[in-house]
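Structure record follows, encoded as structure tokens.
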Amino acid sequence: MPELTVPELLELDRRHVWHPYGPMPGRQEPLVVESASGVRLRLADGSGELVDGMSSWWSAIHGYNHPVLNEAARGQLERMSHVMFGGLTHEPAVRLAKLLVDMSPEGLEHVFLADSGSVSVEVAVKMCLQYWRSLGRPRKQRLLTWRGGYHGDTWQPMSVCDPEGGMHELWTGVLPRQVFVGPPPAAYEESYAEELRASIERHADELAAVIVEPVVQGAGGMRFHSPAYLRVLREACDAHDVLLVFDEIATGFGRTGALFAAEHAAVPPDVMCVGKALTGGYMTMAATLCTSRVADGISRGEVPVLAHGPTFMGNPLAAAVACASIELLLGQDWLTEVKRIEAGLRDGLAAASDLPGVEEVRVLGAIGVVQLDHAVDMKAASEAAVREGVWLRPFRDLIYTMPPYVTGDADVARIARAVCAAAREG
Ligand SMILES: *Cc1c(COP(=O)(O)O)cnc(C)c1O
């Protein structure tokens, strides 16, 4: 096929290609990206570059086209891109598992490498259900979560997404019915903690696990909550024989100002999912970590194996880049960079609080959120950001940013200006 012009490409895209949460044929014209480098996306229509305020959905923490990650990919490519993981193993996967075990909260010892965040959540759920089955308690098969969460788009993850955001009405009687409590308030409230304890106790006989995003709820509404609730969950889960799963797919690898958000409360989960920034945004890979208690439990069962094995499990290319990305992160003073971005976003987004239609401005770590009191006009808001030279992807009533950690102060200020412009015009 000859090279496509931008209009040809857009026409074929509209006719044939699904985009996230998109209609078919497409109705909104996407921007065509030709290349990306550092924190900039270069557009194919010749209109120039945009500073990326999204890190390609939390993932590109080191920016694009990074020489160290490129070298890791190139080096691995010349050894092997992929070999099957059944009966074979290789250094990139083993090194990655060891890095994850060493850096993650205490007690997480075993690593299942999955191909995407949603699959890692499926695996986490399977681990928990299988654990109780192995222990002779097969009735423990439901999950409890709080509202406002997001855990992915495949079946089990969908069932614990916020019922509205996850369009549960469309799936009544089809999705597994999970137990929901209200959304966690930002500050600690004893009455809410009591509600958590009471729900876990009431449903203990049928609960396999509680699953939540610690401290920051991402795509379910970009809300922050007191880390103290994690301790409440840990204690209630321990008291009532329920496992605790932390979905750190968005929050992991430093984004909130801790390597993992669970550290804000020093609460270790039984199972933890990571993804998104795992490979520095280079390719898709995720992981489910669990404790020895969970692994041993599964191993004592009638079926003593974890029956899950994706074709591309442990993909060497992705694992090699993930190792390089983690070493790059840990080899620098990442916390200072995240705090620097936090300060820049606080400064730059302060102006948004006074805008008409703005409900709340919140910043935590390298995450900035402006919540409107109305549904955002996505087209107007995105275009306002693009006029400021910035790529943002607002949704629902939210205009938000989580820039790469390498974003310089001037670019952080520019991103904040773009968020304000989008809030004004969206
Ligand atoms: C993005 C996300 C997922 C799903 O990951 P995919 O790689 O998109 O399947 C799950 N949980 C959380 C918290 C996420 O942010």
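These numbers come from the heavy atoms of this one structure, side chains and all, not from hydrogens, waters or symmetry mates. Start at 1 and go down the list; that is how both ligands and their atoms are numbered. Start at 1 with the first residue, then count along the sequence.
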Distance-only side-chain donor-acceptor flag, [X] / [Y], under 3.5 Å:
{"X": "E190", "Y": "Y188", "value": "yes"}
{"X": "D247", "Y": "Y150", "value": "no"}
{"X": "S159", "Y": "Q178", "value": "yes"}

Contact atoms of ligand 1, heavy-atom distance to [X] under 4.0 Å:
{"X": "S118", "answer": "4 (C), 5 (O), 6 (P), 9 (O)"}
{"X": "H151", "answer": "10 (C), 11 (N)"}
{"X": "G152", "answer": "4 (C), 10 (C)"}
{"X": "K276", "answer": "1 (C), 2 (C), 3 (C), 14 (C), 15 (O)"}
{"X": "E213", "answer": "13 (C)"}
{"X": "D247", "answer": "10 (C), 11 (N), 12 (C), 13 (C)"}
{"X": "S116", "answer": "7 (O), 9 (O)"}

More than 12 heavy atoms of other residues, nucleotides or ligands under 6.0 Å from [atom1] of [X]: is that the case?
{"X": "E164", "atom1": "CD", "answer": "no"}
{"X": "R177", "atom1": "CZ", "answer": "no"}
{"X": "R234", "atom1": "CZ", "answer": "yes"}

Contact partition for W57 relative to ligand 1, non-hydrogen atoms under 4.0 Å: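 The answer is neither; W57 stays 4.0 Å or more away.
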Backbone or side-chain N or O of I249 under 3.5 Å from ligand 1 N or O: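 Min N/O separation from ligand 1 is not below 3.5 Å for I249.
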Working for side-chain hydrogen bond (donor to acceptor under 3.5 Å, both in side chains), residues E248 and T251: CA-CA 5 Å; E248 294 248 15; T251 48; 2.8 Å; yes
Residue, atom name and distance, where the atom is the protein heavy atom closest to atom 7 (O) of ligand 1: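 Of every protein heavy atom, G117 N, 2.8 Å lies nearest to atom 7 (O) of ligand 1.
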